[in-house]
Amino acid sequence: MPELPEVETTRRGIAPHVRNKRVTAIVLRQRQLRWPISDGLEAGLTNQIIHRVDRRGKYLLLSADTGTLIIHLGMSGSLRIVNTDQLAGKHDHVDIEFDGSKLLRFTDPRRFGCLLWQTESPLSHPLLRELGPEPLSAAFDGLYLHRRSLGRSAPIKAFIMDSHVVVGVGNIYANEALFMAGIAPHRAAGRIALARYVRLAECIKEVLARAIEVGGTTLRDFTNSQGEPGYFKQSLRVYGRAGEPCKQCGESLRETRLGQRSTVYCRYCQR
DNA sequence: ACTTCGACCTGTTGGC
DNA sequence: TGCCAACAGGTCGAAG
């Protein structure tokens, strides 16, 4: 469910309720996520104050003096701030309780998400160490993308969805950014000129930034930490619109599968 | 070093 | 209405 805008929306939503709060208890109902929740979590985080709530790519980082809780939401994960008297549902795997009457609840039906307790610097964790730059940072631009693309035959869509190239671009925003940039999703990454990469980098930044501004994209069930939907769905130009008219030229949008992911594009506007 | 594909899970949707 | 296959916002790790 979450790409970078949804994770950032979640971060902004939970931060005021989590930052500078003391963890009074942790309830683990299901340890078997993408990776099992390690035994060290309860001992390491209970009674600690969470000083920071950061994001690296699609990972959320909750930092205390004793270590950092690294959270990934996978495909179907979410974090909510709820009252302590809210009964836990079937997929409510973890509660982190704070002073007062609120708790942070991790829910994830498919269990592709993870909670990792890391006592070293979180950015040195094997899953984070090799990540590409943040798309909204100055380090990410057309020159960078072009340099990384040299010699690569993979489709451009798979290339920009590779978190070792750039973090945070998932299936929705990859489709949207390629439409905005006028690039066909199956084009080999290594056969795209620098000028087009400059445009693509701008489009990726724009689509992500605009999605963050309106609270992300709610397709079916994404909501922020307070249970409210995001409003970027109405701005989608290709994702979920296969067979509908292209907003630029009016021709019917095509759908195909690329790397097992649904891919929608305009065969006239994207080359 | 790069590309492709299976795997991990549950819930929803659409066709018959 | 029921059943079953296909698909869903991610991404790791094995195999080629």
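None of these values were measured; they are calculated from a predicted model. Below, chains carry the letters A, B, ... as their sequence lines are ordered, and counting in each starts from 1.
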Original post:
Distance check: side-chain N/O of A:Tyr239 vs OP1/OP2 of C:dG9, anything under 4.0 Å?
Top reply: yes
Atom pairs under 3.5 Å, N or O on each side, protein against nucleotides 13-16 of chain B: can you list them with distances?
none

**OP:** Identify whether the distance between the nearest side-chain nitrogen and carboxylate oxygen of A:Lys58 and A:Glu6 falls below 4.0 Å.
**Re:** no
Original post:
Is the phosphate of B:dT3, meaning OP1 or OP2, less than 4.0 Å from a side-chain N or O of A:Ser153?
Top reply: yes
**OP:** Take atom P in C:dA6 and the same atom in B:dG6, then report the distance between them in whole Å.
**Re:** 14 Å
Subject >> Presence of A:His164 side-chain N/O under 4.0 Å of B:dC2 phosphate oxygens OP1/OP2 >> reply: no
**OP:** Decide, yes or no, whether a salt bridge links A:Arg29 with A:Asp95 under the criterion of side-chain N to carboxylate O below 4.0 Å.
**Re:** yes
**OP:** Round to a whole Å and report the spacing from CZ of A:Arg261 to P of B:dG6.
**Re:** 15 Å
**OP:** Would you indicate what A:Phe159 reaches in the nucleic acid, counting non-hydrogen atoms under 4.0 angstrom: base, sugar-phosphate, or nothing?
**Re:** nothing
Original post:
Taking both distances under 3.5 Å as the test for a Watson-Crick or G-U pair, what stems of at least three pairs does DNA chain C have?
Top reply: B:2-8 with C:10-16, B:10-16 with C:2-8
Subject >> Sidechain-backbone polar pair: A:Glu134 side chain, A:Gly57 backbone, donor-acceptor under 3.5 Å >> reply: yes
Original post:
Taking it one step at a time, do A:Asp141 and A:Lys205 satisfy salt bridge (Lys or Arg N to Asp or Glu O under 4.0 Å)?
Top reply: CA-CA 9 Å; A:Asp141 61 14; A:Lys205 287 175 191 278; over 6 Å; no
Subject >> With sequence neighbours excluded, residues passing side-chain hydrogen bond (donor to acceptor under 3.5 Å, both in side chains) with A:Arg19 >> reply: none
Original post:
What's the closest nucleotide to the A:Lys58 side chain, out of C:dA8, C:dT11, C:dG9?
Top reply: C:dT11
**OP:** Would you kindly give the OH-to-C1' distance between A:Tyr59 and C:dC12, to the nearest whole Å?
**Re:** 9 Å
Original post:
Do A:Glu244 and A:Ser252 have side-chain atoms, one donor and one acceptor, less than 3.5 Å apart?
Top reply: no
**OP:** Would you indicate what A:Arg148 reaches in the nucleic acid, counting non-hydrogen atoms under 4.0 angstrom: base, sugar-phosphate, or nothing?
**Re:** nothing
Original post:
Thinking salt bridges, do A:Lys102 and A:Glu97 make one under a 4.0 Å N-O criterion?
Top reply: no
**OP:** Specify the separation, in whole Å, of atom CZ of A:Arg187 and atom C1' of B:dT3.
**Re:** 19 Å
Original post:
Would you say A:His72 reaches C:dT11's phosphate, i.e. side-chain N/O to OP1/OP2 under 4.0 Å?
Top reply: yes
Subject >> Pair A:His186 + A:Tyr265: ring centers closer than 6.0 Å >> reply: yes
Give me the distances for all protein-to-nucleotides 7-10 of chain B N/O pairs that come in under 3.5 Å?
| unit_1 | atom_1 | unit_2 | atom_2 | d |
| --- | --- | --- | --- | --- |
| B:dC9 | O3' | A:Arg111 | NH2 | 3.0 |
| B:dC9 | O2 | A:Arg110 | NE | 2.9 |
| B:dC9 | N3 | A:Arg110 | NH2 | 3.3 |
| B:dT10 | OP1 | A:Arg111 | NH2 | 2.9 |
| B:dT10 | O4' | A:Pro109 | O | 3.3 |
| B:dT10 | O3' | A:His91 | NE2 | 3.3 |

Subject >> Nucleic acid contacts - residues 126-136 of chain A versus DNA chain C, non-hydrogen atoms under 4.0 Å >> reply: A:Leu127
Subject >> Electrostatic pair A:Arg80:A:Asp92 at N-O distance under 4.0 angstrom >> reply: no
Original post:
Under 4.0 Å between a Lys/Arg side-chain N and an Asp/Glu carboxylate O for A:Asp162 and A:Lys157?
Top reply: no
Original post:
If only atom types and distance count, is the side chain of A:Glu8 paired as donor or acceptor with the main-chain N or O of A:Leu4 below 3.5 Å?
Top reply: no
Subject >> Pairs flagged by side chain to side chain donor-acceptor pair (under 3.5 Å) wherever residues 62-74 of chain A is involved - sequence neighbours left out >> reply: A:His51-A:Asp65, A:Ser63-A:Thr68
Original post:
Is A:Glu42 salt-bridged to A:Arg31, going by a charged N under 4.0 Å from an acidic O?
Top reply: yes
**OP:** Quickly work out the A:Ile71 CD1 to C:dG10 C1' distance and round it to whole Å.
**Re:** 16 Å
Original post:
A:Glu6 CD to C:dA8 P: how many Å, rounded?
Top reply: 16 Å
Subject >> Atom of A:Tyr239, atom of A:Ile172 and distance for their closest heavy-atom approach >> reply: CD1-CA, 3.7 Å
Original post:
So, A:Arg210 and A:Glu213, do they make that salt bridge, N to O below 4.0 Å?
Top reply: no
Original post:
Should A:Ser163 be listed as having a side-chain N or O under 4.0 Å from OP1 or OP2 of C:dG10?
Top reply: no
Original post:
Which whole-number value in Å describes the distance from A:Lys157 NZ to B:dT4 P?
Top reply: 13 Å
Original post:
How long is the line joining CG of A:Leu258 and C1' of B:dT4, in whole Å?
Top reply: 12 Å
**OP:** Find the distance A:Asp108:CG to C:dT11:P and express it as a whole number of Å.
**Re:** 13 Å
Original post:
Taking the same atom, P, in C:dG9 and in B:dG14, what whole-Å distance lies between them?
Top reply: 15 Å
**OP:** For C:dC7 versus B:dC5, give the span between their P atoms, rounded off to a whole number of Å.
**Re:** 15 Å
